[in-house]
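Side chains included, hydrogens not; waters and symmetry mates left out as well; all remaining heavy atoms used. In what follows, chains are A, B, ... by sequence order, proteins preceding strands, each numbered from 1.
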2 protein chains.
Amino acid sequence: MTSTQFHRISKVLADPRRYKILRKIASCDEAACSVLHSRFPISAATLSHHLKELSNAGLIDTRKEGKFMHIKVRRKVWKAYLDELSKL
Amino acid sequence: MTSTQFHRISKVLADPRRYKILRKIASCDEAACSVLHSRFPISAATLSHHLKELSNAGLIDTRKEGKFMHIKVRRKVWKAYLDELSKL
DNA sequence: ACATCATTTAGATGGTTGTCAAATTATCGT
DNA sequence: ACGATAATTTGACAACCATCTAAATGATGT
């Protein structure tokens, strides 16, 4: 894990709502964008923004199926991030 | 660890320089404020600001000895934070 | 009492960030 | 081709944040 990615992940975790979104995604094998939208009291644009931030940080994988977007947590990246933190 | 403290710590870790400061403190048993200041290219006011953020998040303990300030990482809080993250 | 030192606080500044509405894009059903 | 749907992008806005200088505070030495 590069220093750049490490700090990207740290920044992304700074927003409580975004962290909740990440936890929601992590609570199932794969999450649908529309389901996330129905669970969080924010606009579709804001949800899209947060998902982009998570994706840019490398924390999630996304795949499109027709109009629908499916998201899953990249467990290996998450583990690497925790390993890095535990070096403090 | 409360949800509030958890998010405070996450926010505090979002700034790369502040994280470096935390690592520096963690690299020795106890760090002196003046030593930290000599090691980071920021003003004393900015260093003070960052130390206050770290303290408010509960990540460090500070003690005064005359004019000098000494700082150490609260290892138990750090461990609790990592434990929480690993629940994802 | 006064000067010096270490640190903190106050206020200003410029950059960042989460939120929205509106527009846009891509997909699907008719 | 067209309308509806799911999701993204754009631009604006308000709030947040790291940085600075200057001033203030408290401890120390004379």
Student: Quick one: is Lys67(B) getting a side-chain N or O under 4.0 Å of the dG29(D) phosphate, OP1 or OP2?
Tutor: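 No, no such contact exists.
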Student: Would you check, one step at a time, whether the test side chain to side chain contact (heavy atoms under 4.5 Å, CB included) holds for Leu36(A) with Leu51(A)?
Tutor: CA-CA 10 Å; Leu36(A) 292 174; Leu51(A) 292 180; 4.2 Å; yes
Student: Rounded off to whole Å, could you give me the CD-to-C1' distance for the Glu65(A) and dA7(D) pair?
Tutor: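 It is 15 Å, rounded to the nearest whole Å.
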Student: Measuring from Lys11(A):NZ to Ser10(B):OG, what's the distance to the nearest 0.5 Å?
Tutor: 13.5 Å
Student: Less than 4.5 Å apart, any side-chain heavy atom of Met1(B) and any of Lys79(B)?
Tutor: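 No. Closest side-chain heavy atoms not under 4.5 Å.
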Student: Could you state the CG-C1' distance from Leu36(B) to dA6(C), rounded to the nearest angstrom?
Tutor: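 Atom-to-atom, Leu36(B) to dA6(C), this comes out as 13 Å.
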Student: Once you round it to whole Å, what is the distance between P of dC20(D) and CZ of Arg17(B)?
Tutor: 7 Å
Student: Take atom NE2 of His49(B) and atom C1' of dT13(C), then tell me their distance rounded to the nearest Å.
Tutor: 14 Å
Student: Report each atom pair, protein N/O against N/O of nucleotides 20-25 of chain C, whose distance is under 3.5 angstrom.
Tutor:
from    : atom 1 : to       : atom 2 : distance (Å)
dC20(C) : OP2    : Ser43(A) : N      : 2.9
dC20(C) : OP2    : Ser43(A) : OG     : 3.1
dC20(C) : OP2    : Thr46(A) : OG1    : 2.8

Student: If I take atom NE2 in residue His50(A) and atom P in nucleotide dT19(C), what distance separates them, rounded to the nearest angstrom?
Tutor: 4 Å
Student: Grab the CZ-P distance between Phe68(A) and dT5(D) for me, whole Å please.
Tutor: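 So the CZ-P distance, Phe68(A) to dT5(D), works out to 11 Å.
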Student: When you get a sec, tell me which of dT8(D), dC17(D), dT19(C) is the closest nucleotide to the side chain of Met69(A)?
Tutor: dT8(D)
Student: Can Asp61(A) and Arg74(A) be counted as an ion pair, charged N to O under 4.0 angstrom?
Tutor: yes
Student: State which of dT9(C), dG18(C), dA6(C) makes the closest approach to the side chain of Arg18(A).
Tutor: dG18(C)
Student: Please give, in whole Å, the distance from dC17(D) P to Glu53(B) CD?
Tutor: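 Going from Glu53(B) (CD) to dC17(D) (P), I get 7 Å.
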Student: Among Asp83(A), Leu59(A), Ile60(A), which residue meets the side-chain contact (heavy atoms from CB on, under 4.5 Å) test with Trp78(A)?
Tutor: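 Of the listed residues Asp83(A), Leu59(A), Ile60(A), the side-chain contact (heavy atoms from CB on, under 4.5 Å) partner of Trp78(A) is Leu59(A).
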Student: Among pairs that include at least one residue of residues 29-55 of chain B, which meet salt bridge (charged side-chain N to carboxylate O under 4.0 Å, His left out), considering only residues two or more places apart or in two chains?
Tutor: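 Of all non-adjacent pairs touching residues 29-55 of chain B, those that pass salt bridge (charged side-chain N to carboxylate O under 4.0 Å, His left out) are Glu30(B)-Arg63(B).
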Student: For the side chain of Lys52(B), counting heavy atoms from C-beta on, which of dT9(C), dT7(C), dT5(D) is nearest?
Tutor: dT9(C)
Student: Whole-Å distance between dT16(C) P and Asp15(B) CG?
Tutor: 12 Å
Student: Is any side-chain heavy atom of Thr46(A) closer than 4.5 Å to one of His50(A)?
Tutor: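 Result yes, sub-4.5 Å side-chain heavy-atom pair found.
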